A.B. asks: 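The following block contains the structure, expressed as structure tokens.
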Amino acid sequence: MNGASTRPNAVGAVASYAFWGDDGKALAEFYAAALGWKVAQEFPDGNGVPTAFLVTDGSTTFVFYTAKDFKAPNWPEDELPFHLDLAFDDVPAAEQRLLELGATKPDHQPGGEHWTVLRDPSGQPLCISAGWSEGS
């Protein structure tokens with residue numbers, strides 16, 4: 001096989017998860033700090049200005065892009081196409097740390113005791129909880 005993939009041609013794998021914001025570098029630094037990961041690489045635009053920032057733990061990769069016309073969703077009025085759910089062993093401590101890193105906590109909290117909604121520094125909602133288990 002000479003290093004070729006053993007996956008059938010029609011089966012893919014997720015290489016990374018991409019997010020846009022008004023400041024890709026700030027978002028990358030926020031999520032890297034939140035997850036204990038690192039900003040591993042920067043990618044420049046056509047003018048040589050870094051606009052994409054790769055954050056990884058070695059197995060999962062996020063890429064955060066700077067989008068000059070980015071507008072945060074007006075949640076909860078606007079539905080979200082997707083968002084991140086982050087799991088922490090100590091949810092109250094994680095909430096405090098994320099707020100210190102630049103997250104904000106909206107008044108609308110639809111998760112009750114199951115999860116907490118925060119907004120990242122770009123204004124995009126994310127949820128934090130103890131994680132999901134079968135039957136929860």
Side-chain angles (χ1 to χ4, degrees):
M1 289 220 130
N2 297 334
S5 172
T6 59
R7 290 189 301 253
N9 289 339
V11 176
V14 175
S16 68
Y17 304 90
F19 301 89
W20 279 255
D22 56 349
D23 185 339
K25 184 173 185 174
L27 271 183
E29 290 171 346
F30 171 81
Y31 282 102
L35 297 168
W37 297 4
K38 64 179 182 174
V39 179
Q41 195 169 358
E42 296 181 356
F43 298 92
D45 63 11
N47 297 317
V49 177
T51 56
F53 305 86
L54 189 142
V55 173
T56 186
D57 69 347
S59 64
T60 301
T61 301
F62 295 149
V63 182
F64 297 93
Y65 294 91
T66 299
K68 67 176 184 157
D69 295 327
F70 175 78
K71 301 233 183 321
N74 184 25
W75 181 87
E77 289 78 14
D78 296 341
E79 291 184 351
L80 301 175
F82 65 92
H83 69 278
L84 286 176
D85 290 332
L86 303 180
F88 296 94
D89 291 335
D90 185 339
V91 177
E95 178 181 333
Q96 183 60 39
R97 183 158 184 268
L98 293 173
L99 293 170
E100 291 168 1
L101 289 170
T104 57
K105 185 174 180 180
D107 292 334
H108 182 62
Q109 292 293 322
E113 296 177 12
H114 303 287
W115 68 83
T116 300
V117 178
L118 299 176
R119 291 181 191 265
D120 70 21
S122 73
Q124 298 180 83
L126 68 131
C127 295
I128 61 171
S129 70
W132 301 104
S133 61
E134 206 169 310
S136 65

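Since this is a predicted model, take the numbers as computed values, not measurements.
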A.B. asks: Quick one: list whatever passes salt bridge (charged side-chain N to carboxylate O under 4.0 Å, His left out) with Lys38, sequence neighbours left out.
C.D. replies: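 Result, salt bridge (charged side-chain N to carboxylate O under 4.0 Å, His left out) vs Lys38: none returned.
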A.B. asks: Please report, to 0.1 Å, the donor-acceptor pairs under 3.5 Å made by any side chain of residues 65-77, with sequence neighbours excluded.
C.D. replies:
from	atom 1	to	atom 2	distance (Å)
Thr66	OG1	Gly24	N	2.8

A.B. asks: Is Leu35 linked to Val39 within one hydrophobic cluster, defined over Ile, Leu, Val, Met, Phe, Trp and Tyr using a side-chain heavy-atom separation of less than 4.5 Å?
C.D. replies: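 Yes: a chain of side-chain contacts under 4.5 Å links Leu35 to Val39.
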A.B. asks: Name all pairs fulfilling the salt bridge (charged side-chain N to carboxylate O under 4.0 Å, His left out) condition that reach into residues 112-132, sequence neighbours left out, sorted by first residue then second.
C.D. replies: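 For residues 112-132, and leaving out neighbouring residues, there are no salt bridge (charged side-chain N to carboxylate O under 4.0 Å, His left out) pairs at all.
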A.B. asks: Please set out all donor-acceptor pairs under 3.5 angstrom arising from side-chain atoms of residues 45-54, sequence neighbours excluded.
C.D. replies:
from	atom 1	to	atom 2	distance (Å)
Asp45	OD1	Asn47	N	2.8
Asp45	OD1	Gly48	N	3.1
Asp45	OD1	Val49	N	3.0

A.B. asks: If every non-hydrogen atom of Leu27 is compared with every non-hydrogen atom of Pro121, which pair is closest and at what distance?
C.D. replies: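 In terms of heavy atoms, the two residues are closest at CD2-CD, 4.2 Å.
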A.B. asks: Applying side-chain hydrogen bond (donor to acceptor under 3.5 Å, both in side chains) as the test, list every pair that has at least one member in residues 12-28; sequence neighbours left out.
C.D. replies: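 Checked against side-chain hydrogen bond (donor to acceptor under 3.5 Å, both in side chains) - neighbours excluded - no pair reaches residues 12-28.
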A.B. asks: Determine, using the 4.5 Å side-chain heavy-atom cutoff (strictly less than), whether Leu84 and Leu80 are members of one ILVMFWY cluster.
C.D. replies: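 Shared cluster, no.
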A.B. asks: Find the distance between CG (Leu126) and CG (Asp85) and round it off to the nearest 0.5 Å.
C.D. replies: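 Output value for this atom pair is 8.5 Å.
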A.B. asks: When the ring planes of Tyr31 and Phe64 are compared, do they come out parallel, tilted or perpendicular, using 30° and 60° as the limits?
C.D. replies: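 Tyr31 vs Phe64 ring planes: parallel.
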A.B. asks: Would a hydrophobic clustering, with Ile, Leu, Val, Met, Phe, Trp and Tyr connected at side-chain separations under 4.5 Å, put Val63 with Phe82?
C.D. replies: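 No, no single cluster joins them.
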A.B. asks: Tell me whether Leu98 is reachable from Trp115 by hopping between hydrophobic residues (I, L, V, M, F, W, Y) whose side-chain heavy atoms are closer than 4.5 Å.
C.D. replies: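 No.
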A.B. asks: Are Phe30 and Val55 joined in one hydrophobic group, where the rule is that I, L, V, M, F, W and Y side chains link up if heavy atoms are under 4.5 Å apart?
C.D. replies: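 Yes: a chain of side-chain contacts under 4.5 Å links Phe30 to Val55.
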A.B. asks: For a quick test of your reading: what N or O donor-acceptor pairs under 3.5 Å do the side chains of residues 86-96 make, sequence neighbours left out?
C.D. replies:
from	atom 1	to	atom 2	distance (Å)
Asp90	OD1	Ala93	N	3.1
Glu95	OE2	Lys105	NZ	3.1
Gln96	NE2	Glu100	OE2	3.2

A.B. asks: For the residue pair Pro110 and Val117, what are the closest heavy atoms and their distance?
C.D. replies: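 In terms of heavy atoms, the two residues are closest at CD-CG2, 3.9 Å.
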A.B. asks: Ignoring hydrogens, what is the shortest heavy-atom contact between His83 and Cys127? Give both atom names and the distance.
C.D. replies: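 Looking at all heavy atoms of both residues, the closest pair is NE2-SG, 3.5 Å.
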